[in-house]
Amino acid sequence: MFRKRLVATCIVATAALGIVSTSSDAVAQEVIDLDEEAAKAPKKPAAKPAAKPAAKPVAKGDAKADPKKGDAKADPKKGDAKADPKKGDAKKGDGKGGVDIDLDEGQEGKEQGPVVAGQMTEEAAAAKKLFDRERWNEAAQALFRVVNGETSDDPGNKQLAQYYLAIALYRLKFYQASYALFSQIADNKNHLKFKETLLWLAKLATQLPEPADIIERVGKYSDDQVARFDNEQQRDLFWQLNYMLGRYKYRNRQYEEAIRLFQKVDRKSEYYVKSQFFTGISYVQLRKSVPAVQSFQRIEKVIDEGASGVEDEDRLRDLAYLSMARTYYSASIKLDPESNTPQVDEKKLSAAVKYWNQIEPASEYWLDALFEQSWAYFMAGDYPHALGNIHTIQSPYFPNSFYPEAEVLKAVIYFANCNYEGATIVVARFNKKFVPIRDELEKVLKRFKGENQEEPFFKFLKEVREGKANLDSKIKPIVENALSDRQLLRNLEYVRLLDDEMDRFRKSPPAFRGSAVGKQVEDSLKIARDLAIRQAGELALLRYQRNVDELNEHLRNGEKILIDITAAQRNLLDEKISKGQVSKAESKIYGVVKPDEEHVLWPFDGEYWRDELGFYRQVVESACGR
């Protein structure tokens, strides 16, 4: 299956190690991101030998809140999507976004000055009485008239009415419309109810999924304003808000600030595990591997000790293992500035392998771990283990797995051991299998070329999710896996929630539906849904395009290996190289397995057995000079 992979480290290796790359620099990329569910494996060979590890762990969380109490608990699932709940265009380009909705067109960026609320008009006072009596439907209609300027109230009382209207809509379960109003308040620090709105943003975070991007609005507040909730009655809310504010700092690359905020989240909080994930990721971004690993270890420890409020414990534990393995792998390989060759820290590389091995075969991340581990074994010169893992990944037990890079790694291993014929055969088979797949993927993509293709691609995304897309059998499982990561699913969930809210609106009393505030609610839902669809379609289209680009990159790497093979074979005519060649009797053999008392050696005869998966070794014979 396709996986989004950000490379943790790109190392240029020598021909002796047989890694393939076109780069001459060692580059530490920005690596781990909880937004994405599927991790990139350590990758990826190009024309000259190079190794690149995987990146990114993922976090998921659920949330609960009691709207009648002062503490709400957010639902920051994976994803750092940016969206502005105001009317406007969806943010483009990075595929990380939610939706921009602006119900006060033309006011964005124009913060109002401080105002004072004077004497209410009789209509405004009557609206407030309806609100106090919890007659939400009638109160919303009356308050809207105040906000809309129909009662001649001063700006201060209009601001108060806006705040009460947002609460009334929340109580009526029109969460998107409520959020639109609270967003306007959060954008104006001089609003009379700016401070009080922070509590309601936290409550809304439990009702709307992350693509609504409430985190962006929480980012409008300071530490001091969050600190108001640091009391015995609202401590859970205090921890939640520090987590959300930390997420805002993280997305804006203020990693040290993010760490400081995440560290305020107490172990008793249900946001502790997610905070530790982001703490670890922030340290990775700062290139501080030791505290990063310590953060991931705390996740493992608290889960093993039975922390409360943690859902899907096995998955989160596996993500912690993946994170530690990737961090150790990235730290294990450094480029020597003088010789321009990779230096491998065997201790750190061994630690990476240890944590990859902690992931059980039943885990959804097991194949990822096996493939990423293959790169570590390759860097350690343990070619039999690397090829054995690839053999497992390609077994018929995983018919829908999609690891085209595994074939490239296999060819690189053969090339590194001067088995040019074997490497050529692997590349030829790779091209025969994946060129038609690439062509079919591009054929589908051509249907969505041009501008304004987000909504059509959203419809395609839904068809894929429902199994109704007309896809060639060669690419059907690939596309389904490519468009099924958790971030995309959260965007689909956001659209579904907006549809549910529209259904609630249509079932509301006719007097409310026909009122001015009812029209406002309906319009806000339509705008939000339209922009959410466009955003989800854009994100899915970017996912699809990126995965086609990655496959093209693997195909180019295969061609570069053929070029290297041709050059190496020509060099055989060189006397110096010829003297380095050895006879078959002198060739170096890797992977001769000598079983102990607890193990039995079974030669592979073409038949896979489930209990053998992960234990394969392939003997490698090197024809290179010692």
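Quick note: numbers below take in every heavy atom, side chains included, and nothing from hydrogens, waters or symmetry partners. Each residue takes its place number in the sequence, starting with 1.
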Name all pairs fulfilling the salt bridge (Lys or Arg N to Asp or Glu O under 4.0 Å) condition that reach into residues 506-519, sequence neighbours left out, sorted by first residue then second.
none
Can you say whether the rings of Phe262 and Tyr243 are parallel (under 30°), tilted (30 to 60°) or perpendicular (over 60°)?
tilted
Using 4.0 Å as the upper bound for N to carboxylate O, is an ion pair formed by Arg251 and Asp213?
yes
Any heavy-atom pair between the side chains of Arg465 and Glu480 that's under 4.5 Å?
no
Can you tell me if Ser178 uses its side chain to pair, donor with acceptor, with the backbone of Ala166 under 3.5 Å?
yes
Are any side-chain N or O atoms of Asn481 and backbone N or O atoms of Asn400, one a donor and one an acceptor, separated by less than 3.5 Å?
yes
Do Arg534 and Glu538 sit within salt-bridge range, that is, some charged N less than 4.0 Å from a carboxylate O?
no
Is it true that Glu360 and Arg315 have a side-chain N and a carboxylate O under 4.0 angstrom from each other?
no
Distance-only polar pair, side chains of Glu463 and Asn470, donor-acceptor under 3.5 Å
no
Could you check whether Arg496 pairs with Asp499 (Lys NZ or Arg NE/NH1/NH2 to Asp/Glu carboxylate O, under 4.0 Å)?
no
Taking the inter-plane angle between the rings of Phe182 and Trp200 on a 0 to 90° scale, is it parallel (under 30°), tilted (30 to 60°) or perpendicular (over 60°)?
parallel
Heavy-atom distance under 4.5 Å between the side chains of Leu531 and Gln535, does that happen here?
no
Taking the six-membered ring for Trp, are Tyr544 and Phe457 parallel (under 30°), tilted (30 to 60°) or perpendicular (over 60°)?
perpendicular
